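Shown next, in structure tokens, is the structure this report addresses.
Keep in mind the model is a prediction, meaning the values are calculated, not measured. Proteins come first, then strands; the chains are lettered A, B, ... in the order of their sequence lines, and each starts at number 1. Atoms considered below: every heavy atom in the structure, side chains included; atoms not considered: hydrogens, waters and symmetry mates.
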2 protein chains.
Amino acid sequence: MAEAEPDIGPDTGERITEAEHAVMEVLWARAPLSATAVAHAVGRERGWGLATVKTLLSRLVAKQAIATEPEGRRFLYTPLIARTDYLGGESKRLVDRLFGGRAAPLFAHLAEAEALTSADIAEIEALLKELKQ
Amino acid sequence: MAEAEPDIGPDTGERITEAEHAVMEVLWARAPLSATAVAHAVGRERGWGLATVKTLLSRLVAKQAIATEPEGRRFLYTPLIARTDYLGGESKRLVDRLFGGRAAPLFAHLAEAEALTSADIAEIEALLKELKQ
DNA sequence: TCCTCTCGTTTACACACGTAATCGACTACG
DNA sequence: CGTAGTCGATTACGTGTGTAAACGAGAGGA
């Protein structure tokens with residue numbers, strides 16, 4: 001296990017699941033939204049009902065991943081955690097779990113799985129150049 | 001939902017969970033092993049009892065991730081899926097799910113999360129050079 | 001004012017997962 | 001030959017997750 005903070009941790013809350021992540025993406029894309037608006041957006045992609053999306057929103061609120069702000073009679077939902085932080089965290093988790101924290105093997109496996117486009121390669125080259133400075 | 005192959009797929013079976021992955025790692029490292037042997041190895045790292053490891057082995061057999069071969073009175077377990085395939089698949093899943101299939105953003109986030117050592121960078125550079133040929 | 005619609009909250013439920021005890025068959029020592 | 005140990009299989013159980021219905025309070029039209 002080794003889940004970093006076992007006790008008090010007022011900051012991040014718990015991990016975001018895959019279904020919750022779909023909701024987060026909508027919120028990251030179009031800032032504060034009502035539950036219905038989120039449901040429309042996510043429901044279209046994933047085929048979820050309004051009730052399902054509401055549940056996911058509640059769970060995200062409980063996990064302190066999003067905040068509610070009253071707007072008239074209903075609430076608007078806004079992300080509390082940055083997309084960058086989430087993506088970086090998840091990426092690091094994968095690298096730690098599967099590759100012992102080393103990014104190079106990950107990269108090698110992506111290459112082997114043909115998950116690298118030439119555009120990717122060019123971009124990564126550019127990033128490397130920056131990192132080396 | 002959206003599990004790549006909805007119909008026939010005699011090959012891979014279902015997804016391997018995190019706990020099961022720990023068992024797989026032991027099997028990948030030291031080819032055919034008895035349940036007890038696996039339990040010793042994994043139990044040491046994760047603090048699991050013999051019963052727990054046996055359950056995981058059974059589930060892996062059900063998922064056709066490992067095969068059993070009778071050795072005298074007990075069974076020896078051997079991986080059916082290659083470590084490379086698993087790692088590549090999981091990596092691709094993450095890239096698809098979080099980065100729309102593009103590896104470059106993943107790389108950028110790893111860099112930002114300071115998950116890249118200079119050794120990683122050097123290795124990746126070497127890989128890039130190979131890929132470009 | 002009353003009914004209906006709409007929100008957010010509460011409760012539900014099946015299945016996956018982590019973790020494990022129990023069971024039935026078989027072996028091997030005494 | 002019986003009894004204890006070992007092995008794989010079966011069953012168990014709490015929690016997380018995906019998916020959703022039911023409920024209760026407030027808003028707005030009739």
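As rounded to whole Å, 13 Å separates atom P of C:dC7 from atom CZ of A:Phe75. Atom CZ of B:Arg74 and atom C1' of D:dG5 are 14 Å apart (whole Å). In this structure, A:Leu76 atom CG and C:dG8 atom C1' are separated by 13 Å, rounded to whole Å. Here D:dG16 presents its P atom at 16 Å from CD1 of A:Ile16, a figure rounded to the nearest Å. One atom, CG of B:Leu60, and another, P of C:dC17, lie 11 Å apart when rounded to the nearest Å. Here D:dG18 presents its P atom at 14 Å from CG of A:Leu57, a figure rounded to the nearest Å. Computed from coordinates, the A:Leu50 CG to C:dT9 P distance equals 13 Å when rounded to whole Å. Distance A:Ile66 CD1 to C:dG8 C1': 12 Å, rounded to the nearest Å.
Among residues two or more places apart in sequence or in another chain, the salt bridge (charged side-chain N to carboxylate O under 4.0 Å, His left out) test is passed with A:Glu71 by A:Arg74. With sequence neighbours left out, B:Tyr86 forms a ring pair (Phe, Tyr, Trp, His ring centres under 6.0 Å) with B:His21, B:Trp28. Listed by chain and number, the residues in a side chain to side chain contact (heavy atoms under 4.5 Å, CB included) with B:Leu131 are A:Ala111, A:Leu116, A:Ile121 (sequence neighbours excluded). Residues forming a ring pair (Phe, Tyr, Trp, His ring centres under 6.0 Å) with A:Trp48 (at least two apart in sequence, or on another chain): none. For A:Glu125, the side-chain hydrogen bond (donor to acceptor under 3.5 Å, both in side chains) test picks out B:Lys132, with sequence neighbours left out. The side-chain hydrogen bond (donor to acceptor under 3.5 Å, both in side chains) check on B:Asp85 picks up nothing, with sequence neighbours excluded.
Under the 4.0 Å criterion applied to side-chain N and carboxylate O atoms, B:Arg15 and B:Glu20 are not assigned as salt-bridge partners.
When the C1' atoms of four end pairs are superposed on the next four at each end of the helix from C:dT1-D:dA30 to C:dG30-D:dC1, using five pairs per end, the two resulting axes differ in direction by 30°, to 10°.
The stretch residues 30-43 of chain A participates, sequence neighbours left out, in no salt bridge (charged side-chain N to carboxylate O under 4.0 Å, His left out) pair at all. For residues 32-43 of chain A, there are no salt bridge (charged side-chain N to carboxylate O under 4.0 Å, His left out) pairs, not counting sequence neighbours.
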(request) Would you mind building the protein contact string for nucleotides 18-29 of chain C? One character per nucleotide, 5' to 3', B for base within reach (heavy atoms under 4.0 Å), S for sugar-phosphate only, - for untouched. (result) BBBB-----S--

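Within a heavy-atom distance below 4.0 Å of DNA chain C, the residues of residues 33-43 of chain A found are A:Ala35, A:Thr36.
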Result block: side-chain N/O donor-acceptor pairs under 3.5 angstrom for residues 51-61 of chain B, not counting sequence neighbours:
| unit_1 | atom_1 | unit_2 | atom_2 | d |
| --- | --- | --- | --- | --- |
| B:Thr55 | OG1 | B:Ala51 | O | 3.1 |
| B:Ser58 | OG | B:Lys54 | O | 3.1 |

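Looking at B:Asp120, its side chain does come within 3.5 Å of a backbone N or O of A:Ala104 through a donor-acceptor pair.
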